[in-house]
Each structure stands twice: as structure tokens, then as C-alpha cells.
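Heads up, the thing below is written out as C-alpha cells.
Just so you know, these numbers use all the heavy atoms, side chains as well, and skip hydrogens, waters and symmetry mates.
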Amino acid sequence: MIVIDNFIKDKALLKEIELNKDSFFADNGNYYWWDGWWNTQENSLKKRLIAYIWRDHSPYHRVGLDGFEYWTGQFGPEAGSDYLNMHLDKDETLWKETGELSSPIIGTVFYPIEMDIDGGYLEIFSRGTDQDPERIEPKYNRLIIFDAGGVHHRVTNVTKGLRSAIAVNLWDTKPTGELKEE
């Protein structure tokens, strides 16, 4: 696991996300697919953010990517859900249809806007689900990179405020499920 605070140095990009946060988070929980900058343009704010993280400033480089699965998530008392159950990221459709487990290469969680919240910790069970998890506080401009498909993780209850994050998974084979194009 890698945790990097103050990851984005481009203040204009952070300000653009803040100014457009309503549209950035409008599709809470909807999964999208991007074939990557090597195939298509960065024609959205989310794709520009992904390119900033993974093309321009990545602490992790990988050859053979098929693309990026990404989604925004907001949790809190007024969001309709205030937590996320323990899980592994996987190709959900393939799992439901065949029982076969196909997971992303690596996962990312990024907190792009200021938040005044209580709770909402990302808990990563890197030593197993029977051991205490690593707890990472949701913090503005914090990037977390971890094995989202190989290590169980969850989000703890948000008791005050709204936890806002974007998750990005890198895949070497596009998941079979229905993913939107942005």
C-alpha cells in the first residue's frame, strides 16, 4: 500500500474539480470505463485526473494495461449510504455468472475535495480479515494505491458530513460487466 498526501501539485486542476464537484459526483456509484490516453482523448475532468495520476505522476508503472475502471463514491448521513461493506474489487458480472474471480491489477482511492467529516476511514485488511485493518483517514488531496482485488477493504461509517472520493482500478483485461463510457 502507498499513501501520498498533497499528491496533486496542479492547483488549477484541484480548483476545477472543486468548482465542478456537483457534476463530478453527480453519478455516484456508476461505473465507467476508459481505454486510456493511448487510445482516446482525455475528454472529461475525471479522465484528465486519471491521466495526471497514472500517466504524468505515477509512483507505479505497468505495461500492458487495457484501461481504467472508475467511479465516484459519496458516503454520509445525507448520501443514502454512510459506509461500504468489506469486499474485494472484481469483475462482478463474471463472478455472478461463472464464479470465476478476475480482479484489477491495482486500485486507487483519491480524495479530490475538502471534507468536514467524522468517520469514513478506508480500512484495508492486508494481514487478513481476522486481523486488525490498516485505517487510512479520508483526507483532501490524499492518494491511496493498494491491491484492491487481492486485499479485503471497506469504508467505515460516516457519522457527520460527506465523504467524497474517486476510485480508479487498472485492468489488464476489461471487466465483462456493463460499464458506461464518459
Side-chain angles (χ1 to χ4, degrees), residues 1-21 23-74 84 87-94 101-115 122 124 126 134 136-153 155 163-182:
M1 175 182 47
I2 300 170
V3 178
I4 305 171
D5 287 338
N6 301 311
F7 180 75
I8 293 186
K9 305 300 184 215
D10 181 346
K11 299 302 180 195
L13 178 58
L14 289 170
K15 183 172 182 147
E16 186 177 359
I17 295 169
E18 177 66 35
L19 291 172
N20 293 286
K21 66 183 173 187
S23 61
F24 192 88
F25 291 102
D27 54 356
N28 190 33
N30 288 323
Y31 293 83
Y32 289 88
W33 179 259
W34 182 34
D35 291 330
W37 54 84
W38 55 92
N39 288 314
T40 59
Q41 293 184 342
E42 302 137 36
N43 60 356
S44 75
L45 185 53
K46 291 174 190 170
K47 290 177 184 177
R48 287 190 6 245
L49 174 63
I50 294 167
Y52 181 97
I53 295 169
W54 289 107
R55 180 189 63 206
D56 302 337
H57 299 91
S58 174
Y60 175 89
H61 294 279
R62 169 76 182 197
V63 177
L65 283 181
D66 199 25
F68 304 89
E69 174 191 31
Y70 61 99
W71 64 97
T72 56
Q74 291 187 303
L84 183 61
H87 65 284
L88 294 172
D89 290 6
K90 60 188 173 291
D91 182 331
E92 294 290 344
T93 301
L94 183 66
L101 184 63
S102 177
S103 300
I105 298 165
I106 199 85
T108 312
V109 174
F110 181 69
Y111 304 104
I113 62 173
E114 294 274 359
M115 300 172 287
L122 176 62
I124 300 174
S126 56
E134 298 174 81
I136 300 110
E137 179 182 5
K139 183 177 173 185
Y140 171 64
N141 200 9
R142 173 174 277 173
L143 179 72
I144 304 162
I145 301 171
F146 69 106
D147 183 5
V151 177
H152 284 87
H153 55 284
V155 175
R163 178 191 186 269
S164 301
I166 181 169
V168 180
N169 283 341
L170 286 67
W171 288 82
D172 56 7
T173 303
K174 183 178 179 178
T176 58
E178 188 67 33
L179 299 171
K180 298 179 179 188
E181 299 284 337
E182 190 177 36

Partner of W37 under ring-ring contact (aromatic ring centres under 6.0 Å, His included), picked from F68, Y52, W54, is F68
Any chance you could measure [X], atom [atom1], to [Y], atom [atom2], to the nearest 0.5 Å?
{"X": "I50", "Y": "D56", "atom1": "CD1", "atom2": "CG", "answer": "12.5 Å"}
{"X": "I53", "Y": "F7", "atom1": "CD1", "atom2": "CZ", "answer": "6.0 Å"}
{"X": "I2", "Y": "I106", "atom1": "CD1", "atom2": "CD1", "answer": "7.0 Å"}
{"X": "L143", "Y": "H57", "atom1": "CG", "atom2": "NE2", "answer": "12.0 Å"}
{"X": "K15", "Y": "I17", "atom1": "NZ", "atom2": "CD1", "answer": "13.5 Å"}
{"X": "F110", "Y": "Y140", "atom1": "CZ", "atom2": "OH", "answer": "7.5 Å"}

What's the shortest heavy-atom distance between [X] and [Y], and which atoms?
{"X": "F25", "Y": "S164", "answer": "CZ-CB, 3.6 Å"}
{"X": "L14", "Y": "P112", "answer": "CD2-O, 4.1 Å"}
{"X": "G149", "Y": "S103", "answer": "O-OG, 3.4 Å"}
{"X": "L49", "Y": "L13", "answer": "CD1-CD2, 4.3 Å"}
{"X": "L45", "Y": "N20", "answer": "CD2-CB, 4.2 Å"}
{"X": "N28", "Y": "T72", "answer": "OD1-O, 3.2 Å"}

Given side chains that start at C-beta, do those of [X] and [Y] come closer than 4.5 Å, heavy atoms only?
{"X": "M1", "Y": "I136", "answer": "yes"}
{"X": "D10", "Y": "E16", "answer": "no"}
{"X": "T108", "Y": "L170", "answer": "yes"}
{"X": "F24", "Y": "I113", "answer": "no"}

Using a strict threshold of under 4.0 Å (side-chain N to carboxylate O), is an ion pair present between K21 and E18? yes
Pair D27 + K46: basic N to acidic O under 4.0 Å: yes
- prompt: Does a donor on one side chain and an acceptor on the other come within less than 3.5 Å for H153 and H87?
  reply: yes
Could you tell me whether the side chains of D35 and T40 share a donor-acceptor contact shorter than 3.5 Å? no
Check the pair Y111, I144 against side chain to side chain contact (heavy atoms under 4.5 Å, CB included), reporting the backbone distance first and the verdict last.
-> CA-CA 9 Å; Y111 304 104; I144 304 162; 3.8 Å; yes
Mark yes or no for whether [X], through its side chain, and [Y], through its backbone, hold a donor-acceptor pair below 3.5 Å.
{"X": "D91", "Y": "S102", "value": "no"}
{"X": "R142", "Y": "E137", "value": "yes"}
{"X": "D66", "Y": "W171", "value": "no"}

What is the ring orientation for Y70 with Y32, classed by angle as parallel under 30°, tilted 30 to 60°, or perpendicular over 60°? parallel
